[in-house]
Amino acid sequence: MTGGSIWVKMESRQVSRSVGKTNDVVDLYAVQCCICFKWSTVPTKEEYETIRQSFKEDPWVCFKKQGRSCDNPGDLEYDTSRMWIADKPNIPKSPPGFNRILSRRSDFSKFDVYYITPTGKKLRGPADVEKFLQEYPRFKDINPSDFVFSSPKIPKEMILGTPAERGDCETHSNKKLKRS
DNA sequence: GCCACCGGTGGC
DNA sequence: GCCACCGGTGGC
């Protein structure tokens with residue numbers, strides 16, 4: 001199975017952060033079965049990153065979830081009630097204690113990726129990573145390539161707030177999106 | 001002074 | 001043309 005035909009997806013929603021400000025938080029992780037295209041939720045970010053890191057070689061299938069097969073209904077269906085982001089496959093797991101964050105631009109144009117370190121510092125790119133790993137010898141064994149700053153794309157229908165054209169969906173993910 | 005946020009651009 | 005990366009800065 002080659003990568004790219006099925007994407008790991010995650011969901012975010014807008015929450016009020018302070019007066020006049022909003023921020024997206026990912027509140028649900030989901031993966032799509034490469035056989036039946038149904039969605040399974042993934043309970044934790046940790047587990048999600050584990051699936052994601054080898055998604056191309058080892059795509060998701062329903063029976064990986066205990067007691068589940070493609071004959072069962074999925075956990076949820078894709079819709080525009082929340083924002084779905086097609087994540088990139090095969091991103092290394094965040095090093096222990098580091099937290100990979102997606103920050104959406106207010107114009108919905110793109111996400112910025114950054115990592116929060118165990119010390120609370122924010123790393124915005126490879127230059128920050130290198131500086132940080134040098135500054136703290138206890139992290140010197142961490143491979144800088146474990147930090148990946150490439151950002152997921154925001155699906156067009158999420159920007160416009162309108163249903164995706166079927167052609168778009170198939171172009172991007174080789175599947176049909178079910179809409180209720 | 002910090003940092004969240006955005007714009008620009010170099011490399012592909 | 002895209003996008004990963006980084007510089008700049010406005011608002012606090």
Side-chain angles (χ1 to χ4, degrees), chain A residues 2-32 45-46 48-57 59 78 80 82-136 138-175 177:
Chain A
T2 57
S5 62
I6 301 296
W7 292 351
V8 183
K9 301 219 177 206
M10 72 175 81
E11 175 194 49
S12 65
R13 61 184 158 81
Q14 276 206 335
V15 294
S16 179
R17 191 174 60 191
S18 60
V19 179
K21 292 254 183 180
T22 58
N23 195 14
D24 287 336
V25 293
V26 175
D27 68 347
L28 192 151
Y29 299 94
V31 290
Q32 191 180 39
K45 186 174 192 173
E46 226 269 315
Y48 172 77
E49 289 200 344
T50 300
I51 295 167
R52 185 180 59 186
Q53 69 178 346
S54 54
F55 198 78
K56 286 183 187 173
E57 318 84 81
Y78 184 100
T80 51
R82 302 182 187 181
M83 193 157 96
W84 287 78
I85 304 302
D87 206 4
K88 301 211 167 167
N90 288 45
I91 294 173
K93 285 185 82 161
S94 303
F98 291 78
N99 194 13
R100 190 172 188 269
I101 304 291
L102 297 177
S103 175
R104 181 179 55 77
R105 297 280 176 109
S106 61
D107 62 358
F108 286 79
S109 61
K110 60 180 173 182
F111 279 92
D112 292 302
V113 175
Y114 59 90
Y115 288 82
I116 302 294
T117 72
T119 66
K121 192 173 162 54
K122 186 172 171 178
L123 307 179
R124 296 189 311 148
D128 286 351
V129 169
E130 192 180 349
K131 203 185 300 177
F132 181 82
L133 295 182
Q134 280 175 5
E135 188 177 350
Y136 294 91
R138 62 184 159 122
F139 298 126
K140 69 178 187 315
D141 291 337
I142 293 177
N143 189 341
S145 67
D146 285 347
F147 298 86
V148 173
F149 294 90
S150 65
S151 57
K153 282 194 113 170
I154 300 178
K156 198 182 353 174
E157 70 272 18
M158 292 298 160
I159 300 172
L160 301 176
T162 55
E165 293 300 322
R166 192 178 139 178
D168 287 344
C169 296
E170 292 188 339
T171 298
H172 288 118
S173 56
N174 199 23
K175 65 180 176 54
L177 298 179

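Within every chain, numbering begins at 1; the chains are lettered A, B, ... in the order of the sequence lines, protein sequences first and strands thereafter.
- Counting only distance, with no hydrogens or angles, the side chain of A:N90 and the backbone of A:K56 share a donor-acceptor pair below 3.5 Å.
- For the pair A:Y114 OH and C:dG7 P, the interatomic distance rounds to 19 Å; values are reported in whole Å.
- Counting any heavy atom pair closer than 4.0 Å across all strands shown, A:K88 reaches sugar-phosphate atoms only and no base atom.
- Checked by atom type, the side-chain pair A:Y114/A:D128 shows no donor-acceptor distance below 3.5 Å.
- Summarising the geometry, the separation between CG on A:D112 and P on C:dC5 is reported as 12 Å, rounded to the nearest angstrom.
- Taking atom CG on A:D128 and atom P on C:dC5, their separation rounds to 11 Å, with Å as the unit.
- The shortest distance between the side-chain N/O atoms of A:S106 and the OP1/OP2 oxygens of B:dC6 is below 4.0 Å.
- Contact record, A:Y48 with A:A30: CE1-O, 4.3 Å, taken as the closest heavy-atom pair.
- Nucleotide B:dA4 holds its P atom 15 Å from the CG atom of A:L102, rounded to whole Å.
- Between A:K122 and B:dA4 there is a side-chain N or O to OP1 or OP2 distance below 4.0 Å.
- Taking atom CZ of A:F149 as the reference point, atom P of C:dC6 lies 8 Å away to the nearest angstrom.
- In the set B:dC5, B:dG7, C:dC6, C:dC6 carries the atom at the smallest distance from any side-chain atom of A:A127.
- Between A:Y115 and A:V148, the shortest heavy-atom distance links the atoms OH-N, 2.9 Å.
- For A:S151, a side-chain nitrogen or oxygen approaches OP1 or OP2 of C:dA4 to under 4.0 Å.
- As a whole-Å value, the separation of A:F108 CZ from B:dC5 C1' is 15 Å.
- Distance from the side chain of A:S150 is smallest for C:dA4 among the nucleotides C:dA4, B:dG7, B:dC5.
- Put simply, CG on A:L123 is 13 Å from P on B:dC3, counting in whole angstrom units.
- Taking atom CZ of A:F111 as the reference point, atom P of B:dA4 lies 17 Å away to the nearest angstrom.
- Residue order along DNA chain C, read from the 5' end via each residue's closest nucleotide, puts A:K153 first among A:K153 and A:P126.
- Nearest heavy-atom pair, A:F111 versus A:I85, reported as atom, atom and distance to 0.1 Å: CE1-CD1, 3.5 Å.
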